[in-house]
S.K.: 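Following this message is one structure expressed as structure tokens.
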2 protein chains.
Amino acid sequence: MTATILDRCEAKGLRLTAPRRLIAEVLQAASDHPDVETIHARAAAKDASISLATVYRTMNLFEDAGIVERREFGDGRARWEDAERDHHDHLIDVQTGEVIEFVDPEIEALQERIAARLGYELKGHRLELFAIKRK
Amino acid sequence: MTATILDRCEAKGLRLTAPRRLIAEVLQAASDHPDVETIHARAAAKDASISLATVYRTMNLFEDAGIVERREFGDGRARWEDAERDHHDHLIDVQTGEVIEFVDPEIEALQERIAARLGYELKGHRLELFAIKRK
DNA sequence: GTAAGTGCAAAAATTTTGCGAGGAT
DNA sequence: ATCCTCGCAAAATTTTTGCACTTAC
């Protein structure tokens, strides 16, 4: 149903070079939020000739194409995840650290309206709820 | 009602040096989300002898003390704001980097309902909208 | 064939740190 | 007096870029 990263590269008319295919494969397989160093390490495990500069360039390319999303967790490095898979928000249990993913169409629509009211077109969002379990 | 940054420094037992007083003053006066370079420039306007390293050290100190909050808006630099200012969310213009603050009672209420539906009691949240200006 | 992409190394940008001098308590 | 903090410069980290060579279309 959801197109693969490689499919979306093709759909965007990006040149399918060996490094790009490899990075797409690494991102497709990732269920975490890898930084550039990690992506490079995973790619280099399959083809050691890939350079860090290419990973940086490719992530910027994929971001501009809307294929991946950049995340900043406050540790000074950018982290990345599949933009198609990122249609969820996070609720963090502040007592246990447990993270629950959720999607709410109503809140997505409301965000659109808020952006529009401010004169903007919504391109993305990040929502984190901090909460404690109800007794 | 809300204590000034300087008051909170004192309450936390931080040493009140000239550079820290000056940085506290700059942050107190700020209504935007300045990065370190900007904070340094504003401080240097009043005392040119202040160093960038001291601004970095002081921001980390204030963050550890819970006096300011670090924000990452995806441009590679940390930005800072008073931790005790009234709650608001952020809309970031991804083309210009401009940051607009907003509060929306409807979205606050909706977040409460989402948390409740998941069996949680909402304690706080963080919402960032990424958008581009409409033509 | 041609425009775009790659690896490498150097550069740029942001943040941290070692050190001796100076200041707060 | 004793730590702590400062400014400076050097180092560390993360990201970008110039260049010559290679590749996808």
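Below, chains carry the letters A, B, ... as their sequence lines are ordered, and counting in each starts from 1. Just so we're clear, the structure is a prediction, and the values are computed from it rather than from any experiment.
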S.K.: Can you tell me how far CG of B/Asp32 sits from CD1 of B/Ile100, rounded to the nearest 0.5 angstrom?
M.R.: 13.0 Å
S.K.: Could you tell me whether B/Glu81 and B/Arg79 have a side-chain N and a carboxylate O separated by less than 4.0 Å?
M.R.: no
S.K.: What are the residues of residues 55-64 of chain B, sorted by number, that bring a heavy atom to within less than 4.0 Å of DNA chain D?
M.R.: B/Arg57
S.K.: For the backbone of B/Ala116 and the side chain of A/Arg134, can you confirm whether one donor and one acceptor N or O come within less than 3.5 Å of each other?
M.R.: yes
S.K.: Rounded to the nearest Å, what distance is computed from the CG atom of residue B/Asp75 to the P atom of nucleotide D/dT15?
M.R.: 12 Å
S.K.: For A/Ile50 and B/Val36, find the nucleotide of DNA chain C closest to each by heavy atoms; which residue's nucleotide sits nearer the 5' end?
M.R.: A/Ile50
S.K.: In whole angstroms, how far is the P atom of D/dT22 from the CG atom of A/Asp47?
M.R.: 16 Å
S.K.: Rounded to the nearest 0.5 Å, what's the gap from CD1 on A/Ile23 to CD on A/Gln28? Could you check?
M.R.: 14.0 Å
S.K.: If the sugar-phosphate is the primed atoms plus P, OP1 and OP2 and the base is the rest, what is the B/S/- string for nucleotides 20-25 of chain C, using protein heavy atoms under 4.0 Å?
M.R.: ---BBS
S.K.: From CZ of A/Arg71 over to P of D/dT14, roughly how many Å is that when rounded to an integer?
M.R.: 20 Å
S.K.: Can you measure B/His40 atom NE2 to C/dT14 atom C1' for me and round it to whole angstrom units?
M.R.: 14 Å
S.K.: Figure out the CZ/P separation between A/Arg79 and D/dT15, and round it to whole Å.
M.R.: 11 Å
S.K.: Taking A/Ala3's backbone N and O only, do any of them form a donor-acceptor pair with A/Arg8's side chain (distance below 3.5 Å, no angle check)?
M.R.: yes
S.K.: Among all residues two or more places apart in sequence or in another chain, which pass the ring-ring contact (aromatic ring centres under 6.0 Å, His included) test with B/His90?
M.R.: B/His33, B/Phe73, B/His88
S.K.: Among D/dT15, C/dG5, D/dC6, which nucleotide sits nearest the side chain of A/Arg20?
M.R.: C/dG5
S.K.: If we ignore hydrogens and angles and just use 3.5 Å, is the side chain of A/His125 paired with the main-chain N or O of A/Glu108 as donor and acceptor?
M.R.: no
S.K.: Looking at A/Glu25 and A/Lys46, does any basic side-chain N land under 4.0 Å from a carboxylate oxygen?
M.R.: yes
S.K.: Within this structure, what is the CZ-to-P distance between B/Arg70 and C/dT14, rounded to whole angstrom?
M.R.: 14 Å
S.K.: What is the separation between atom CG on B/Leu22 and atom P on D/dT5, rounded to the nearest whole Å?
M.R.: 17 Å
S.K.: Measure the OG1-CZ distance between A/Thr58 and A/Arg20 for me, rounded to the nearest 0.5 Å.
M.R.: 5.5 Å
